[in-house]
Structures are given as C-alpha cells and as structure tokens.
Amino acid sequence: MNTPDTANSAVSATGKGLRLYKKEKLCSAIAISQLFGAERLKDSSTAEIHSALAYPLRCVWRENNRRRSDAPIQFLISIPKKRLRHAVDRVLMRRRVREAFRLNHQEFPQPGSRRIDVAFIYIGNGTEPYAKVERAVQRLLKGMQK
C-alpha cells in the first residue's frame, strides 16, 4: 500500500521534486553550437566557455542569459560511439549520468539568477559504476558554482 510518504513522492529539502523537466534539456542547435564555440553571437555579448574534467566525465559550460527558458541550468549528455561501441553500453552510461545529475542538480542557483548551458561528455573507455559517475557529476557541479 502506497502512502504519500513513500519514494514515489520524493521531495528534496527545498520542497522541489527530484524530477527533470523538458525545459532543463539543452535542445537548441544554436545554443549547442555556441557552447562548443563553433558559432558566436554577432554582437559583443560572447560568453566565456569553461571546461572541467572529473573522470569519467568532461564538462563544458557557459552562461547564457539570452535564452527564453527560466530553468537555471540546461544540460545535454554526449556518450561518443568511439568510446563505447555498443549501443546498450552508451544507453547505460547516459542513464547513469542523467540519474546522477537529476539527484544532484538541486544545489544549483534558483531560477531568476544566472542561466547556464552544460554539456557532459563521457571520456571513459568502458562502462563505469554508478558511484563513480555520481562522484564525478558532484565534483563538476561544485566546480561550476565557483
């Protein structure tokens, strides 16, 4: 028998649910190309691109206050085929990175402050356990806050 206090109604200490919303996904082709430096805005508002490494992940982020979404952070996950040849392994690692991000992104700034676009890129050569991926995501998120 499910009660309101079970795991189905997981709520963080701030009162916000632990789910990921569509507005937190980085889907815009323009924002992605700006994140990887392929395209800059025509005016002088080019934002600085930052990068950090915490094995097995590399993180690239930039501040993007021009986007319409009110989410404080939008992210994408890239698991290269060169690193993991089998699709099931890529899907497994993508799920592990997404879950680690979902459980740890609440410490980030609240809506209304700055807005950040983030890309998590997998650099490991094989599948890694969830605990290792979660520690990497936590270190990267703490590094982004500084």
*Output the distance between atom CG (L140) and atom CD (Q145), rounded to the nearest 0.5 Å.*
11.5 Å
*Heavy-atom closest pair, residues Q106 and L103*: OE1-O, 3.6 Å
*Measure across R115 and A71 and return the closest heavy-atom pair with its distance rounded to 0.1 Å.*
CG-O, 3.8 Å
*After noting the C-alpha distance and the side-chain angles of C27 and K22, does the key distance pass the side chain to side chain contact (heavy atoms under 4.5 Å, CB included) rule?*
CA-CA 9 Å; C27 301; K22 169 68 175 159; 3.4 Å; yes
Side-chain donor-acceptor pairs of residues 76-88 under 3.5 Å, sequence neighbours excluded:
{"residue": "R83", "atom": "NH1", "partner": "I123", "partner atom": "O", "Å": "3.4"}
{"residue": "R83", "atom": "NH1", "partner": "N125", "partner atom": "OD1", "Å": "3.0"}

*Please check if I32 and I49 belong to a single hydrophobic cluster, counting links between Ile, Leu, Val, Met, Phe, Trp and Tyr side chain heavy atoms closer than 4.5 Å.*
yes
*Same hydrophobic cluster for F120 and L20, using side-chain heavy-atom links shorter than 4.5 Å among ILVMFWY?*
yes
*Distance from I73 atom CD1 to M144 atom CE, nearest 0.5 Å?*
4.0 Å
_More than 12 heavy atoms of other groups within 6.0 Å of R102 CZ_ = yes
*If you measure from the Lys or Arg side-chain nitrogens to the Asp or Glu carboxylate oxygens, is any gap between E99 and R96 under 4.0 Å?*
no
*If every non-hydrogen atom of A136 is compared with every non-hydrogen atom of A54, which pair is closest and at what distance?*
CB-O, 3.4 Å
*Closest non-hydrogen atom pair, N104 against A100*: ND2-O, 2.7 Å
*H105 and P72, any side-chain heavy atoms less than 4.5 Å apart*: no
*asked:* Working to the nearest 0.5 angstrom, can you tell me the gap between F75 CZ and C59 SG?
replied: 11.5 Å
_Looking at every heavy atom in both W61 and S51, which two are closest together, and how far apart are they?_
CZ3-C, 3.9 Å
_Pair K132, Y55 - check side chain to side chain contact (heavy atoms under 4.5 Å, CB included), show working._
CA-CA 8 Å; K132 196 169 190 177; Y55 189 82; 4.0 Å; yes
*Determine, stepwise, if the pair E128 / Y122 fulfils side chain to side chain contact (heavy atoms under 4.5 Å, CB included).*
CA-CA 10 Å; E128 297 289 343; Y122 188 75; 3.3 Å; yes
*Rounded distance [0.5 Å steps], CZ in F101 versus CG in L141*: 6.0 Å
_Gap separating the CG atom of L26 from the CG atom of D117, nearest 0.5 angstrom_ = 5.0 Å
*asked:* How long is the straight-line distance from CD of E134 back to CG of L57, given to the nearest 0.5 Å?
replied: 11.5 Å
_Non-hydrogen atoms of A119 and F36 that approach each other most closely_ = CB-CZ, 3.7 Å
